[in-house]
Amino acid sequence: MLDLKLITGNPEYVKNELKKRNTEIDIENILKLDEERRKIILNVEELKKLRNDTSKEIGIIKKQGGDISEISARMKKVSEEISELDNMLKNVEETLKNILLNIPNIPDETVPVGSDENANVLYKEYGHKPSFDFEPKAHWEIAESLNLVDFEKGATLAKSRFSVYTGFGAKLERALINFMLDVQSENGYKEIIPPFLVNANTMTGTGQLPKFEEELFKCERDELYLIPTAEVPLTNLYADTILSEEDLPIKVTAYTPCFRREAGSYGKDVRGLIRQHQFNKVEIVKIAHPENSMMELELLLEDAEKILQMLGLHYRVMTLCTGDLGFSSSKTYDIEVWLPGQNCYREISSCSNFKDFQARRAGIKFRNKNKKVEFAHTLNGSGLAVGRTFLAILENYQQKDGSVVVPEALRPYLGVDIITK
RNA sequence: GGAGAGAUGGCCGAGUAUGGUCGAAGGCGCUCGCCUGCUAAGCGAGUGUACGCCCAAAAGGUGUACCGAGGGUUCAAAUCCCUCUCUCUCCGCCA
């Protein structure tokens, strides 16, 4: 959520910044509503003061045995007026809040301006594309021939875009989860196991609601949503909290399954593990001081990169342009891993600085040097998407004979050097 | 799922029977100052958040709201009534 005062104070600036990300907002309407809001507050608070003062007088008069019928009748009218104004205020504030909750974040000034993903800018690269003396296969072929994943059973048990990991497939997935958690723990993130179901308030805190309800699996009966990422419970761990400055940055990590409806992506990535309704992810989250959140983003990116480096996977990092930025993010780096079986790079991690956008929604604050309360900055990144790491290993470490070599760093976790039939 | 108890400031805890002078006693903690070889103890002062208004602005001042959440009664609600949520205890069921 943007600061209302920022919008009313610099309407042109906000309008232009949002235009960069293809968002038009009705500033006039916001200004009008805010003015109305303040007018009502002024009015109703004056009446409340009158009522408070008079009520005290009534108490005194009554004690002295005086007559209060006339004055209390007068106050009854005042009270009616107050409740009318209170209702008006509530309406205006609700309308305003709904508008604000649907406005995306302002891009950081270092974010390249562009309308879509084609304008994303290469930030850095690691390693090289591996060369093969045979035609590398797509991971779904490898997974099926080695009996690592049963795609049909996933569809049978649930529906399409669900799959079943079997045998060494399941073991490899678990090995990756443990490996990632260990590395991120070493990187200074405190390990957390959060709920996988959260309520609407929590979803609103990080920006999934109200705008992206369509993307979420919901348990109607219990008014709970399956988390689409551990970012949601991890960040909201600090909702409605005033932290002390010394606590910052807070660093937490969690492995969770993630659930996404993938509404509107019919026909996209239908084969393999790329786009699933349920996938595993190790997430890293930071609550940072506003003064160094940009530096923290760089460090967080490095923490995510480290996993790929240790696994010996080639990747590149893209700075997302304004038009490709997620709703809540002010700046995002996507890490894209090389997939030789598909001859392309695919996103395996997304590292973002949300600045005070989520903090304002969720009420994540800290007390600064001057003892003033200030919104903290929130950041997160995948460290990494486990399913996509799994498939990247299959495609990058496949051998001519159909087997898959296990990256060195993973061997202690898996117990074998090579996965064969 | 059944029965009961409870939810008050950073924490503990009074206030709720008899509605008004209660943003809320007292204690602890914390901050600042004093005192003191050091520490402890002691003494003094301060110590919530949000929003509005005043102020060029910071500081500050002032007003409103907030005693789990929402609604109701009343001139007036921490206090009375209703609904909900959460916590605890006991019983049942269960990984």
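Chain letters run A, B, ... following the sequence lines, proteins first, then strands; residues in each count from 1.
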Under 3.5 Å on both distances, the Watson-Crick or G-U partner of B:A41
none
Out of B:C75, B:G52, B:U21, minimum distance to the side chain of A:Lys56 belongs to B:U21
Whole-Å gap separating C1' (B:U64) and CD1 (A:Ile40):
15 Å
Please give, in whole Å, the distance from B:U21 P to A:Lys62 NZ?
13 Å
Upstream residue (5' side of RNA chain B) when A:Lys371 and A:Arg367 are each assigned their closest nucleotide:
A:Lys371
Tell which nucleotide pairs with B:A25, taking only Watson-Crick or G-U wobble pairs whose two distances are both under 3.5 angstrom.
none
Heavy atoms only, 4.0 Å cut-off, all strands: where does A:Lys5 land among base, sugar-phosphate and nothing?
sugar-phosphate
When the P atoms of B:G46 and B:G60 are compared, how many Å lie between them, rounded to an integer?
15 Å
Assign each of A:Ser79 and A:Leu42 the nucleotide of RNA chain B bearing its closest heavy atom; nearer the 5' end lies the nucleotide of A:Leu42
Just the rounded figure in Å: distance from P of B:A76 to CG of A:Leu47.
13 Å
Going by purine N1 to pyrimidine N3 plus the second Watson-Crick contact, or the G-U wobble pair, all under 3.5 Å, which nucleotide sits opposite B:U87?
B:A5
Taken to the nearest whole Å, CG/A:Leu243 to P/B:G48 is 19 Å
Expressed as a whole number of Å, how far does the C1' atom of B:C11 sit from that of B:C90?
29 Å
What I'd like to find out is whether the side chain of A:Leu209 reaches to under 4.5 Å of the side chain of A:Leu216, using heavy atoms alone.
yes
The Watson-Crick or G-U wobble partner of B:U49, with both key distances under 3.5 Å, is B:A65
Does OP1 or OP2 of B:A65 have a side-chain N or O of A:Lys49 closer than 4.0 Å?
no
Can you check whether A:Arg38 has a side-chain N or O nearer than 4.0 Å to OP1 or OP2 of B:C53?
yes
Tell me whether A:Glu215 contacts the main-chain N or O of A:Lys211 through its side chain, where contact means a donor paired with an acceptor under 3.5 Å.
no
Report which part of the nucleic acid A:Lys63 touches: base, sugar-phosphate, or nothing (heavy-atom distance under 4.0 Å, all strands).
base
Please work out if A:Thr54 contacts a base, only the sugar-phosphate, or nothing of the nucleic acid, heavy-atom cut-off 4.0 Å.
nothing
Between A:Gln342 and A:Arg271, is any pair of side-chain heavy atoms under 4.5 Å apart?
no
B:C22 to B:C91 separation - P atoms, rounded to the nearest Å:
45 Å
Could you measure between the two P atoms, the one in B:A65 and the one in B:U21, and give it in whole Å?
13 Å
Using the C1' atom as the reference point in each nucleotide, state the distance between B:U79 and B:C67 in Å, no decimals.
10 Å
Quick check: do A:Thr229 and A:Val232 have side-chain heavy atoms less than 4.5 Å from each other?
yes
Do the side chains of A:Arg411 and A:Val416 get nearer than 4.5 Å, heavy atoms only?
no
Which nucleotide sits closest to the side chain of A:Ser55: B:G52, B:G20, B:A59?
B:G20
Atom P, compared across B:C28 and B:A40: separation rounded to whole Å:
16 Å
Heavy atoms under 4.0 Å, any strand shown: does A:Lys90 hit a base, just sugar-phosphate, or nothing?
sugar-phosphate
The side chain of A:Lys48 lies closest to which of these nucleotides: B:A65, B:C53, B:G20?
B:A65
Has A:Asn43 got a side-chain N or O lying under 4.0 Å from the OP1 or OP2 atom of B:G52?
no
Rounded to whole Å, the NZ-P distance (A:Lys97 to B:A50) equals 14 Å
Whole-Å gap separating P (B:A50) and CD1 (A:Ile41)
15 Å
Residue A:Glu45, side-chain atoms from C-beta onward, closest of B:C75, B:U64, B:G71
B:U64
Base, sugar-phosphate, or nothing: which does A:Ile71 touch, judged by heavy atoms less than 4.0 Å apart?
nothing
Please name the nucleotide paired to B:C35 by Watson-Crick or G-U wobble geometry with both distances under 3.5 Å, or report none.
none
In a check of ring pair (Phe, Tyr, Trp, His ring centres under 6.0 Å) between A:Phe390 and each of A:Tyr165, A:Phe179, A:Phe168, which one passes?
A:Tyr165
Backbone N/O of A:Gly326 and side chain of A:Ser329: donor-acceptor pair under 3.5 Å
no
Considering only atom P, compute the distance from B:C12 to B:G29 and round it to an integer number of Å.
15 Å
What integer number of Å spans the P atoms of B:G9 and B:A25?
12 Å
Looking across every strand, which nucleic acid part, if any, lies under 4.0 Å from A:Arg74 by heavy atom: base, sugar-phosphate, or nothing?
nothing
Tell me which nucleotide, if any, is Watson-Crick or G-U wobble paired with B:C75 when both distances must be under 3.5 Å.
B:G20
Give the rounded distance in Å between these two atoms: NZ of A:Lys76 and P of B:U73.
8 Å
Measure from CG on A:Leu50 to P on B:U64 and round the result to the nearest Å.
11 Å
By the 4.0 Å heavy-atom rule, please label A:Val373 as base, sugar-phosphate, or nothing.
sugar-phosphate
Write down the partner of B:G70 under the Watson-Crick or G-U wobble criteria, each distance required to be under 3.5 Å.
B:C82
First locate atom CD of A:Gln184, then atom OH of A:Tyr189, and finally report the distance between them rounded to the nearest 0.5 Å.
6.0 Å
Side chain of A:Arg388, backbone of A:Glu347: donor and acceptor closer than 3.5 Å?
yes
Hunt down the Watson-Crick or G-U wobble partner of B:G92, both distances under 3.5 Å, from any strand shown, or write none.
none
Within the structure, does a side-chain N or O atom of A:Asn52 lie under 4.0 Å from either OP1 or OP2 of B:U64?
yes
